[in-house]
Student: 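This is the structure I want to talk about, given as structure tokens.
All chains are named by letter (A, B, ...) in the order of the sequence lines, taking the proteins before the strands, and each is independently numbered beginning at 1.
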Amino acid sequence: MEWLRRVEAKWQELWKKHGVFKAEAAPGKPKFYITVPYPYTNAPLHIGHGRTYTVGDIIARYKRLRGFNVLFPMAFHITGTPILAISERIARGDEKEVKRYKEYVSKYVQDPAEIEKIIETFKDPLSLAVFFAERVHKDFDALGYSIDWRRRFHTGEDIYNAFVTWQFLKLREKGLIKRGDHIVTYCLLHRQPEGEDDIADADTNPVEILEFTAIKFKLVDEENTYLVAATLRPETLFGATNIWVNPEARYVVVEWGKEKIVVSEEALTKLQHQYVDKDIRVVKSVYGKELVGKQVYSPLGSKLLVLPAAFVDPDNATGIVYSEPSDAPYDYVALMELKRNPEKLREYGLDPSVVDEINPVKIIEVEGVEDHHAKVVVEEMGIVSQRDPRLIEATRRVYKEQYYKGVMKVDDPEFNGLPVSKAKELIREKLFRENSAFPFYELNRKAFCRSGGKIIVAKIRGQWFIDYSIPWWKNETREYVDKKLLIVPDKYKKEMLNAIDWLERRPCARRRGIGTKLPFDPDWIIESLSDSTIYMAFYTIVHIIRRYGIRAEQLKPMVFDYVFYGVGDPTEISSRTGIPVKALEDMRKEFTYWYPVDQRHTGIAHISNHLSFYVYHHVALFPPDKRPRMITLNELVIREGAKMSKSKGNVILLRDIAERYSADLFRLYAAGAANLDSVLDWREKEVSTVLDSLRRFVSLAKQAVEAKCSDQNPSLMVDKWFTSRVNRLLLEATNSLERVEVREYIQKAFYQVLSAIDYYRERVGEDKAICMVKNFLDKWVKVLNPVIPHVTEEIWEWMGGKGFLSTNSWPRIVPESINEEAEVLEDMVKDLIDDLKNVLNVVKPVKGHVYIIVASPWKREVIRMLIEGKSYKEVIKTMREKHGLAGREKEILLVIQQYRRSPDARLALTTAEKEYQVLVEAREYIERRIGLSVDILWEEEAREKNIPKADKAYPLKPGFYIE
RNA sequence: GCGGGGGUGCCCGAGCCAGGUCAAAGGGGCCGGGCUUAGGACCCGGUGGCGUAGGCCUGCGUGGGUUCAAAUCCCACCCCCCGCACCA
């Protein structure tokens with residue numbers, strides 16, 4: 001391992017020194033442009049990222065060896081909120097965060113004082129981003145990625161902002177950007193929207209926004225004043241029997257436009273954030289118990305009594321609910337409790353007898369449920385208290401059954417007979433229309449931000465969106481993905497198309513974060529997935545921008561119009577921006593040469609977001625010949641069967657690879673241990689067996705390089721087999737790589753070649769095997785260079801190869817180097833040994849000699865005639881006449897029968913003489929394998945000697961007799 | 001719930017799209033042997049059941065079906081994983 005790391009460092013240094021991977025536009029020379037999304041640099045990368053980048057690099061290296069001018073660039077993503085949020089947390093002295101980042105930094109820096117200093121700089125988000133960008137860059141180098149680093153940038157740079165500005169102006173021109181209201185999770189502490197990343201435990205316990213229907217119940221004795229009860233099941237309004245309030249909770253009466261409404265205090269805050277434009281003013285504050293005993297009218301006209309219930313949570317929706325005891329377990333249980341304890345009502349000045357008249361009303365039919373659904377479930381579960389947590393489960397059960405199977409059974413002809421799911425939608429719309437209700441947004445659970453701020457649902461006014469639902473755009477994108485874009489593995493195409501269909505309006509800017517200001521509304525910052533959709537175009541020109549020292553202010557939209565579209569006159573643009581004409585032309589040249597992207601490789605997690613935007617934006621902004629050609633994907637990486645996560649502390653960082661493993665080992669494992677479309681399980685045990693194989697490969701190569709091989713004579717059939725086998729594997733490996741089947745490629749080019757060598761060595765002996773390896777070693781290292789570039793460079797050097805192997809060329813493996821006859825014959829030898837062993841296992845008591853009997857040539861002729869379609873009659877006739885088999889027709893028929901049972905075209909590939917020859921050549925080997933002495937006989941010979949089983953000999957399946 | 005993927009031998013995992021040559025590649029583990037002072041590494045053999053001759057039986061989530069033939073195709077069911085948006 002030490003040795004590996006030394007060799008790796010050596011070649012990384014040399015590649016860098018000689019600028020081996022710099023890519024320059026070379027019109028006329030075939031190009032290959034491959035990209036992998038730039039990493040977000042808020043932390044060190046782990047082996048999951050490494051898998052993706054490694055696959056990308058393997059392809060880049062392969063294409064380079066195939067003679068393409070390959071561009072493989074990389075940059076760093078720093079825009080958006082996470083880096084900012086981390087930085088703020090560190091500045092605030094958040095202990096957990098500081099600790100985590102100290103750990104990260106300590107991966108790269110030893111001195112504690114130094115670490116302390118670095119953490120201090122992280123209070124500035126840009127320093128944090130740049131620190132990790134630097135490290136990630138080094139980690140990438142340490143893995144041997146063949147990146148052209150001159151094109152490196154980060155997304156916080158002003159030249160990048162200029163580019164994104166151009167992009168958004170274009171999108172706006174095309175009418176793809178809209179403005180409107182937007183519902184978000186919002187932190188009351190920070191007074192800003194906060195998403196899953198900022199909410200405590202949201203990754204494990206998801207936070208969802210629920211849309212309640214807040215229904216207004218007019219108070220009987222008061223003018224224009226309503227109790228607002230919120231529900232997720234407005235269809236149950238038909239069965240409402242009373243209103244529940246929490247007697248201990250505080251409620252407020254507020255002016256709500258021209259009306260007055262009553263909601264809980266907590267609900268008021270939420271309404272203020274959801275109805276920002278509404279004129280809301282508090283009139284007075286009351287306890288819930290003061291509301292008990294009042295009467296209200298339901299929008300459906302019935303008169304309902306307000307009653308107390310402890311289960312009502314003032315911090316959930318409006319803090320008031322209506323009771324529908326037939327279908328709502330909570331309501332049912334609360335009602336029953338009250339009925340058991342009517343005396344309690346006296347506390348509120350109510351006559352206990354009022355509850356006698358309140359009874360569930362059945363409004364929903366579900367097949368198989370006779371009684372009230374809530375009652376059935378509650379009794380079955382044995383729930384008696386409204387504080388029983390199992391009520392949540394009971395509610396879920398009832399709802400699930402009713403939603404799918406329930407049918408409305410109500411007086412109203414408009415709703416009677418409707419399925420519950422349908423009725424729910426209709427009544428909701430109707431209530432909204434009649435101004436009897438309004439939407440109220442609430443979370444599915446209580447949530448707090450990571451600093452403890454309360455999260456509620458708020459409505460953002462004037463949110464900017466990119467509208468992916470615009471028909472021409474969606475259709476063209478869909479069409480393009482469906483017909484033109486190659487997606488590998490194939491099975492992700494459907495998912496991609498689904499994502500394209502599913503995308504609608506998507507917010508594209510936020511009020512905070514690092515990034516580019518929205519050019520037409522600078523209070524907003526372009527959101528970080530939206531600013532990263534066409535940046536591959538930026539790679540083609542960024543090094544020129546730097547070379548000429550062009551400043552961001554000079555990069556006016558007209559510059560990009562020229563570079564990307566060829567629109568405008570360079571001389572004029574030059575005079576208006578101060579950018580030299582030559583620079584403009586160079587950029588134009590680079591862009592037209594490299595674009596489009598030939599292949600983009602990334603993880604499947606990007607399908608429904610980044611990759612969809614990537615194609616959408618290219619369709620919007622670039623003509624068909626500049627749109628992506630291929631997308632390739634890989635699955636994620638887990639470790640020892642478990643998902644890697646910060647909380648479990650089982651994340652392996654790329655940095656650890658460079659320190660504790662080796663680059664080539666990692667590459668071999670990460671790309672070879674699982675298919676792209678399966679999860680890769682990083683298992684230490686397997687990694688170490690891969691290391692063993694890598695070692696074996698190196699020592700084999702070393703032996704081969706050092707071997708003196710003048711007197712070896714590869715004339716045996718098995719030598720031809722070996723040559724053929726190896727060439728076949730290398731050819732198949734090439735084909736696999738061409739299809740981006742990386743695992744297959746590694747299996748063939750590495751493992752299967754190794755095991756072919758093992759076999760061959762066992763068969764013919766060490767020295768000769770090594771010499772045969774020496775013969776094809778140059779081809780072999782070339783084919784393996786994309787996966788294990790360092791080791792193969794080193795071997796190439798031992799071999800005295802000229803220049804860098806990484807810029808050499810792919811070996812030509814001509815189909816003629818494959819000898820099928822030799823392969824068929826060697827398979828025969830293997831099968832024969834297997835059969836012998838099988839029989840020897842059964843027939844334990846053996847004496848010690850084996851006769852191997854080669855089928856007579858006439859048997860093969862029989863088969864040949866059958867393949868040619870000759871009739872049995874003809875075959876028998878020929879045999880009788882030509883081979884004197886009259887009287888032995890039975891044997892002929894046996895051969896015919898066996899052929900018919902398993903017809904095998906390979907039988908025609910060789911002859912009986914070759915069979916005999918190979919067996920003679922392999923005799924010693926067979927003896928060694930079975931531990932018995934062996935004679936090779938022709939069938940006719942054996943017959944003469946009266947050796948049993950002689951007639952069982954069949955072409956490619958010699959008979960044998962164990963004496 | 002909607003959408004996508006998947007269930008293979010003790011374990012991991014290929015095969016399935018293009019049905020037969022699949023008792024099912026390759027690892028790992030376990031058992032035995034070689035090498036070695038010993039261990040490790042490496043190499044060889046075994047690892048569903050039965051069988052004194054290369055064979056037979058049972059088998060690829062469950063239950064049906066199509067077919068001369070199904071791990072592979074069709075239907076139903078059960079179970080598992082992933083995504084569901086403003087977050088990179």
Side-chain angles (χ1 to χ4, degrees), chain A residues 37 39-42 77-83 182-185 193-199 202-203 206 208 400 403-404 421 460 463-466 468 489-492 494-499 501-510 513 527-530 532 604-610 612 635-636 638 640-641 643 672-675 677-679 681 683 685-686 688-693 695-696 699 743-744 747 751-752 755 758 761-762 831-832 834-846 901-906 928-929 931 948-949 952 954 957-962:
Chain A
Y40 192 74
T41 56
N42 62 331
H77 196 197
I78 72 161
T79 42
T81 46
I83 287 179
H182 186 49
I183 298 297
V184 293
T185 44
E194 287 190 357
E196 190 186 288
D197 290 345
D198 305 306
I199 300 172
D203 46 341
E208 277 173 63
K400 204 170 169 183
Y403 189 81
Y404 296 105
S421 53
I460 307 276
Q463 169 70 49
W464 290 97
F465 296 93
I466 295 178
Y468 294 103
D490 191 42
K491 70 178 184 192
Y492 296 117
K494 215 188 294 174
E495 221 176 314
M496 182 94 197
L497 286 168
N498 283 338
D501 286 344
W502 160 84
L503 276 169
E504 286 174 21
R505 294 195 318 176
R506 183 170 179 116
C508 64
R510 334 183 72 196
E527 174 273 332
S528 68
L529 282 178
S530 304
S532 300
I604 53 164
H606 281 145
I607 293 176
S608 65
N609 45 66
H610 168 70
S612 294
E635 264 275 2
L636 67 153
I638 58 174
E640 311 291 347
K643 211 184 258 183
N675 280 334
D677 60 0
S678 5
V679 174
D681 191 359
R683 286 194 250 174
K685 179 81 200 166
E686 282 179 11
S688 84
T689 58
V690 171
L691 176 62
D692 292 336
S693 303
R695 274 207 199 104
R696 205 143 47 90
S699 77
R743 173 191 148 91
E744 200 76 346
Q747 285 291 326
Y751 296 104
Q752 292 190 22
S755 73
D758 283 343
R761 187 206 270 144
E762 181 72 12
D831 291 346
L832 175 63
D834 280 351
D835 280 351
L836 278 166
K837 279 188 176 152
N838 186 6
V839 172
L840 285 168
N841 262 337
V842 180
V843 197
K844 288 271 161 49
V846 265
R901 209 179 308 135
S902 53
D904 188 346
R906 295 181 313 164
R928 204 165 1 115
R929 296 306 297 267
K949 314 260 176 207
K952 274 199 106 175
Y954 183 76
K957 199 167 167 58
F960 54 81
Y961 176 69
I962 301 164

Student: Please check if the side chain of A:His77 supplies one atom and the backbone of A:Ser528 the other of a donor-acceptor pair under 3.5 Å.
Tutor: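 Yes; judged by distance alone, with no hydrogens or angles, the pair exists.
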Student: Which pair of heavy atoms, one from A:Pro958 and one from A:Leu832, lies closest together, and at what distance?
Tutor: O-CD1, 4.1 Å
Student: Which whole number of Å gives the distance between the P atom of B:A25 and that of B:C16?
Tutor: 14 Å
Student: How many whole angstroms separate atom CD1 of A:Ile638 from atom P of B:C82?
Tutor: 10 Å
Student: For A:Tyr751, answer base if it contacts any base atom (sugar-phosphate contacts may also be present), sugar-phosphate if it contacts only those atoms, and nothing otherwise; contact means non-hydrogen atoms under 4.0 Å.
Tutor: nothing
Student: Heavy atoms under 4.0 Å, any strand shown: does A:Lys957 hit a base, just sugar-phosphate, or nothing?
Tutor: base
Student: Ignoring backbone atoms, establish whether A:Ser608 has a side-chain N or O less than 4.0 Å from OP1 or OP2 of B:C84.
Tutor: no
Student: Taking atom P in both B:C60 and B:U72, compute the distance separating them and give it to the nearest angstrom.
Tutor: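 Those two atoms are separated by 9 Å.
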Student: For A:Glu208 and B:G1, what is the distance between atoms CD and C1' respectively, to the nearest whole Å?
Tutor: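 So the CD-C1' distance, A:Glu208 to B:G1, works out to 10 Å.
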Student: Phosphate oxygens OP1/OP2 of B:G83: is one of them under 4.0 Å from a side-chain N or O of A:Asn498?
Tutor: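 For B:G83, OP1/OP2 do not have a side-chain N/O of A:Asn498 under 4.0 Å.
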Student: In whole Å, measure the gap between the P atoms of B:G33 and B:A38 for me.
Tutor: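 To the nearest whole Å, 14 Å.
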Student: If you take all heavy atoms of A:Asp758 and A:Arg696, which pair is closest and at what distance?
Tutor: OD2-NH1, 2.8 Å
Student: 5'-most contact on RNA chain B: A:Leu832 or A:Pro82, nearest heavy atom basis?
Tutor: A:Leu832
Student: Taking any strand in view, what nucleotide pairs with B:U52 in a Watson-Crick or G-U wobble way, both distances under 3.5 Å?
Tutor: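 Check on B:U52: unpaired, no WC or wobble geometry under 3.5 Å.
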Student: Among B:C82, B:G28, B:G54, which is the nearest nucleotide to the side chain of A:Lys643?
Tutor: B:C82
Student: Is A:Asp490 touching bases, backbone alone, or none of the nucleic acid, heavy atoms closer than 4.0 Å?
Tutor: nothing
Student: Using a heavy-atom cut-off of under 4.0 Å over every strand shown, decide if A:Thr81 touches base, sugar-phosphate, or nothing.
Tutor: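 Result for A:Thr81 = sugar-phosphate.
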Student: When you compare B:A23 with B:U47, how far apart are their P atoms, in angstrom units rounded to a whole number?
Tutor: 15 Å
Student: Is the distance from OP1 or OP2 of B:G13 to the nearest side-chain N or O of A:Arg743 less than 4.0 Å?
Tutor: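 For B:G13, neither OP1 nor OP2 has a side-chain N or O of A:Arg743 closer than 4.0 Å.
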Student: Please confirm whether the backbone N or O of A:Leu529 pairs with a side-chain atom of A:Ser532, one donor and one acceptor, at under 3.5 Å?
Tutor: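 Here the side-chain-to-backbone pair does not exist.
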Student: If you look at every heavy atom in A:Tyr40 and A:Pro82, which pair is closest and at what distance?
Tutor: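 So the two residues come closest at OH-CD, 3.3 Å.
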Student: With P as the reference atom in both, quote the distance from B:C35 to B:G29 in angstrom, rounded to an integer.
Tutor: 22 Å
Student: Do A:Asp835 and A:Lys957 make a side-chain contact, defined as non-hydrogen atoms from C-beta onward lying under 4.5 Å apart?
Tutor: yes
Student: Taking the side chain of A:Val839 as its heavy atoms from C-beta onward, which of B:A53, B:G28, B:A88 lies nearest to it?
Tutor: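 Of the candidates, B:A53 comes closest.
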Student: Using purine N1 to pyrimidine N3 plus N6-O4 or O6-N4 for Watson-Crick, or N1-O2 and O6-N3 for G-U wobble, each under 3.5 Å, what pairs with B:G29?
Tutor: B:U47
Student: Could you give the CG-to-P distance, from A:Leu636 to B:G4, as a whole number of Å?
Tutor: 20 Å
Student: What's the closest nucleotide to the A:Glu762 side chain, out of B:A53, B:G5, B:C44?
Tutor: B:C44
Student: If I take atom CZ in residue A:Arg506 and atom C1' in nucleotide B:C86, what distance separates them, rounded to the nearest angstrom?
Tutor: 5 Å
Student: Any idea which heavy atoms bring A:Ser612 and A:Leu503 closest together, and the distance?
Tutor: CB-CD1, 3.7 Å
Student: Suppose you measure atom P in B:C50 against the same atom in B:U37; what distance do you get, rounded to whole Å?
Tutor: 40 Å
Student: What nucleotide, of B:A53, B:C84, B:A88, holds the atom closest to the side chain of A:Trp502?
Tutor: B:C84
Student: Who is the Watson-Crick or G-U wobble partner of B:G3, with both distances under 3.5 Å?
Tutor: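 B:C82 is the nucleotide pairing with B:G3.
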Student: Nearest to the side chain of A:Arg929, which nucleotide is it out of B:G45, B:A88, B:A53?
Tutor: B:G45
Student: Determine the interatomic distance between C1' on B:C86 and the same-named atom on B:C79; round to the nearest Å.
Tutor: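 Per the computed distance, 34 Å lies between those C1' atoms.
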Student: Nearest nucleotide by nearest heavy atom, which residue falls closer to the 5' end of RNA chain B, A:Arg761 or A:Ser528?
Tutor: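 Nearest nucleotide further toward 5': that of A:Arg761.
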Student: Is A:Asp834 salt-bridged to A:Lys837, cutoff N-O under 4.0 Å?
Tutor: no
Student: Using a cut-off of less than 4.0 Å, is there contact between a side-chain N or O of A:Arg696 and OP1 or OP2 of B:C43?
Tutor: yes
Student: Considering Watson-Crick and G-U wobble pairs with both distances under 3.5 Å, what does B:U72 pair with?
Tutor: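 Matched B:U72 with nothing under the 3.5 Å cut-off.
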Student: B:C57 and B:A24: how far apart are their P atoms, nearest whole angstrom?
Tutor: 15 Å
Student: Considering every strand and a 4.0 Å limit on heavy-atom distances, what is the contact class for A:Glu504: base, sugar-phosphate, or nothing?
Tutor: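 Base, at least one base heavy atom under 4.0 Å.
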Student: When you measure from the side chain of A:Asn675, which nucleotide among B:G27, B:A14, B:G29 comes out closest?
Tutor: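 The answer is B:A14.
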Student: If we call it a pair only when both distances are under 3.5 Å in a Watson-Crick or G-U wobble match, what pairs with B:C16?
Tutor: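 When the pairing criteria are applied, nothing turns out to pair with B:C16, so the answer is none.
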Student: Where do A:Glu635 and A:Ser678 come nearest, in terms of heavy atoms and distance?
Tutor: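 Smallest interatomic distance, heavy atoms only, reads CB-O, 3.2 Å.
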Student: Between atom CG in A:Asp501 and atom P in B:C2, what is the gap in whole Å?
Tutor: 17 Å
Student: Heavy atoms only, 4.0 Å cut-off, all strands: where does A:Asp758 land among base, sugar-phosphate and nothing?
Tutor: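 It contacts sugar-phosphate atoms only.
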Student: Looking only at heavy atoms, what is the nearest atom pair of A:His182 and A:Pro507, with distance?
Tutor: NE2-CG, 3.4 Å
Student: Under 4.0 Å, heavy atoms only, any strand: does A:Gly959 hit a base, just the sugar-phosphate, or nothing?
Tutor: base
Student: In whole angstrom, give the distance that lies between atom CG of A:Leu497 and atom P of B:G5.
Tutor: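 These atoms are roughly 12 Å apart.
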Student: What's A:Pro489 touching, base or sugar-phosphate or nothing? Going by heavy atoms closer than 4.0 Å.
Tutor: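 No contact at all - A:Pro489 keeps every heavy atom at 4.0 Å or more from the nucleic acid.
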Student: Looking at every strand, decide which applies to A:His610 at a 4.0 Å heavy-atom threshold: base, sugar-phosphate, or nothing.
Tutor: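 If one applies the 4.0 Å heavy-atom cut-off, A:His610 turns out to touch nothing in the nucleic acid.
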Student: Taking only side-chain nitrogens and oxygens of A:Lys494, does any of them come within less than 4.0 Å of OP1 or OP2 of B:G5?
Tutor: yes
Student: Is A:Asn838 side chain donor-acceptor paired with the B:G54 base, going by distance under 3.5 Å alone?
Tutor: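 Per atom types, no contact qualifies.
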Student: Does a side-chain N or O from A:Ser678 land closer than 4.0 Å to OP1 or OP2 of B:A14, or not?
Tutor: yes
Student: Counting only side-chain nitrogens and oxygens, does A:Lys952 get under 4.0 Å of the OP1 or OP2 atom of B:A53?
Tutor: no
Student: Does A:Lys837 put a side-chain nitrogen or oxygen below 4.0 Å from OP1 or OP2 of B:G46?
Tutor: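 Negative; the distance criterion is not met.
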Student: Counting the atoms with a prime plus P, OP1 and OP2 as sugar-phosphate, which does A:Asn42 contact under 4.0 Å by heavy atoms, base, sugar-phosphate, or nothing?
Tutor: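 No contact at all - A:Asn42 keeps every heavy atom at 4.0 Å or more from the nucleic acid.
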Student: With a 4.0 Å cut-off on heavy atoms, is A:Tyr492 in touch with a base, just the backbone sugar-phosphate, or nothing at all?
Tutor: nothing
Student: NE2 of A:His606 versus C1' of B:C84: gap in Å, rounded?
Tutor: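 Taking atom C1' of B:C84 as the reference, NE2 of A:His606 is at 16 Å.
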Student: Could you state the atom-to-atom distance from NE2 of A:His182 to C1' of B:A85 in whole Å?
Tutor: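 The distance from NE2 of A:His182 to C1' of B:A85 comes to 8 Å, rounded to the nearest Å.
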